[in-house]
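In the text below, chain A, chain B and the rest are named by the order of the sequence lines, each starting its count at 1.
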Number of protein chains: 2
Amino acid sequence: MPYDPSAFPPFAVTVDLVVLTVRRHALCALAVRRGEPPFQGRWALPGGFVRADEDLAQAAARELAEETGLRAHDPAVPAQDNGAHLEQLATYGDPKRDPRMRVVSVAHLALAPDLPAPRAGGDASNARWAPVEELLQQGGYGRDGEPVAPLAFDHAQILSDGVERARSKIEYSSLATAFCPTEFTVGELRRVYEAVWGVALDPRNFHRKVTGTPGFLVPTGGTTTRQGGRPAQLFRAGGATLLNPPMLRPEV
Amino acid sequence: MPYDPSAFPPFAVTVDLVVLTVRRHALCALAVRRGEPPFQGRWALPGGFVRADEDLAQAAARELAEETGLRAHDPAVPAQDNGAHLEQLATYGDPKRDPRMRVVSVAHLALAPDLPAPRAGGDASNARWAPVEELLQQGGYGRDGEPVAPLAFDHAQILSDGVERARSKIEYSSLATAFCPTEFTVGELRRVYEAVWGVALDPRNFHRKVTGTPGFLVPTGGTTTRQGGRPAQLFRAGGATLLNPPMLRPEV
DNA sequence: GATCATAGTCGTCTGCCTGACGATAAACAC
DNA sequence: GTGTTTATCGTCAGGCAGACGACTATGATC
């Protein structure tokens, strides 16, 4: 195939972000309201065009910072604090996914601890954390009784894929700690698993499992009582990234 | 962000293919020789531009058919024969990955049973199955004593990611059957695992494990003796796609 | 201050799965 | 027949997970 610039059609390339966090025992995703057509007024995933001199991961990190103020976690610096986990998810390129033009979107998945409040260009009403089931239900009515419109474009599919990735990845990696603050208790980590998987876990077996997995948790020495009840030990994420044996997701 | 066609730079979008198979107890990948600069004469992964009206998966399936004659396995037809498994792998978009222009490549992973012979535009000398370690070694000398040049572009990284995906995915899915013909024996399936993982497995424990996992294998009733020794039962891939519990890859 | 509710932590027991490995079965080569 | 190769069945011990009892340490309530 000789090199011929007219031999290939031009594409626009964007990054879209599935930013997940756990709030009030529910897995939530960041959604922004679209200000212009198509899908004006509908909720969508945050994202934007990749710039001419930018790598895909850079573009995703830039969008993440613009939308949330989060810095992306550099994989080369595992002990970095307050950085969000960011990884490529999948690429969506259906010719009709954007009615305006041919857009290929490289979706990324970000996991963040619970954050104060979202921002989207400074306008809080145009960005929110919403439970993923609420964003994924087709039509129907949300918790507040208002009608729910599906996400713009193919973003329901992207969000669904991102949630599934997160659900499976916390099984065999220490990624669940990305949902926790720098220091956290075993109970807080358990509530992350329960929210992401949507199941209840036995606190005793969970405690035995996570404290017995080498490299998963490192005790800081401190304790906290912010959950009420007996004070709990505080931990930081250990160096291990892959858990062997993995956490087991209960059968449905 | 208002819609402004001049606000985004144009990209070329390609699909690159990591086509894996098991030949002579070794994990092999399809490589094609580049006929023009850049990297003229070097080996590369097969691939090509995505057309204007084509989905990414369609483009990957078309390239796969052009290079190997394989039809992609439609996930909606699980019992389809002789179709190769095809899935999206990852997307590579470093601004300098192609010296000519800005190219974003959506890599796909294909798994195929052992095939007669590769073809690349009818010229067999420009396409071959090569063991992945041979393609991935940087410089040095191959089995035949000839100097080995690294793969073109970032294809070593793509191939490495594809191999790692395959290695981990046969742990928890029935994907290893994609390397086998329609009917196969437990021993043949074991040799697939051994080649992909590069380890030796205990035949007795392997047999117990795979025949005891519901939905993994379905006996066809026939037997074969094509491996020599006692005749072995023939199986087809069962309906299960996810293995629970998974196959365990031995520690290094 | 006693009592209660809440949450955390340590143990025990049982069943299942895995790895190691012995034994037998059925073909082919000589 | 003997040896070789591959397939298949069985046995046994160790480890891990699920179920669940027991105890500890805090704050809330009376």
Working note: A:Tyr92 + A:Asp161, criterion side-chain hydrogen bond (donor to acceptor under 3.5 Å, both in side chains); need CA distance, chi angles, decisive distance, verdict. CA-CA 11 Å; A:Tyr92 300 83; A:Asp161 291 347; 2.5 Å; yes

Does any donor atom in the side chain of B:His85 or B:Glu87 lie under 3.5 Å from an acceptor atom in the other side chain? yes

With a 3.5 Å distance limit and no angle check, can you tell me whether A:Ser174 reaches the backbone of A:Ala240 through a side-chain donor-acceptor pair? yes

Whole angstrom value for the distance that separates C1' of C:dA7 from CZ of A:Phe184: 17 Å

Would you call B:Glu164 and B:Arg249 a salt bridge, taking side-chain N to carboxylate O under 4.0 Å as the test? yes

Near-strand residues of residues 193-208 of chain B, defined as heavy-atom separation under 4.0 angstrom from DNA chain C: B:Asp202, B:Arg204, B:Asn205, B:Arg208

From the options B:Leu45, B:Val132, B:Leu111, B:Leu30, select the one residue that forms a side-chain contact (heavy atoms from CB on, under 4.5 Å) with B:Val18. B:Leu45

Note: for A:Thr185 and B:Arg249 on DNA chain C, the residue whose nearest nucleotide lies more 5' is A:Thr185

Quick check: do A:Arg167 and A:Trp197 have side-chain heavy atoms less than 4.5 Å from each other? yes

Answer yes or no on whether A:Arg128 is positioned over the face of A:Trp43, meaning its NZ or CZ is under 6.0 Å from the six-membered ring centre and within 45° of the axis. yes

In B/S/- notation (B base, S sugar-phosphate only, - none; protein heavy atoms under 4.0 Å), nucleotides 24-30 of chain C written 5' to 3' is -BBS---

Heavy-atom closest pair (A:Leu27 atom, A:Ala195 atom, distance to 0.1 Å) is CB-O, 4.0 Å

Is A:Arg226 touching bases, backbone alone, or none of the nucleic acid, heavy atoms closer than 4.0 Å? nothing

Measure the shortest side-chain to side-chain distance between B:Cys28 and B:Glu134 over non-hydrogen atoms and say whether it is less than 4.5 angstrom. no

So do A:Gln227 and A:Arg191 actually touch side chain to side chain, heavy atoms under 4.5 Å? yes

Boundaries of the DNA chain D segment in contact with chain B, non-hydrogen, under 4.0 Å: D:dT5 to D:dT11

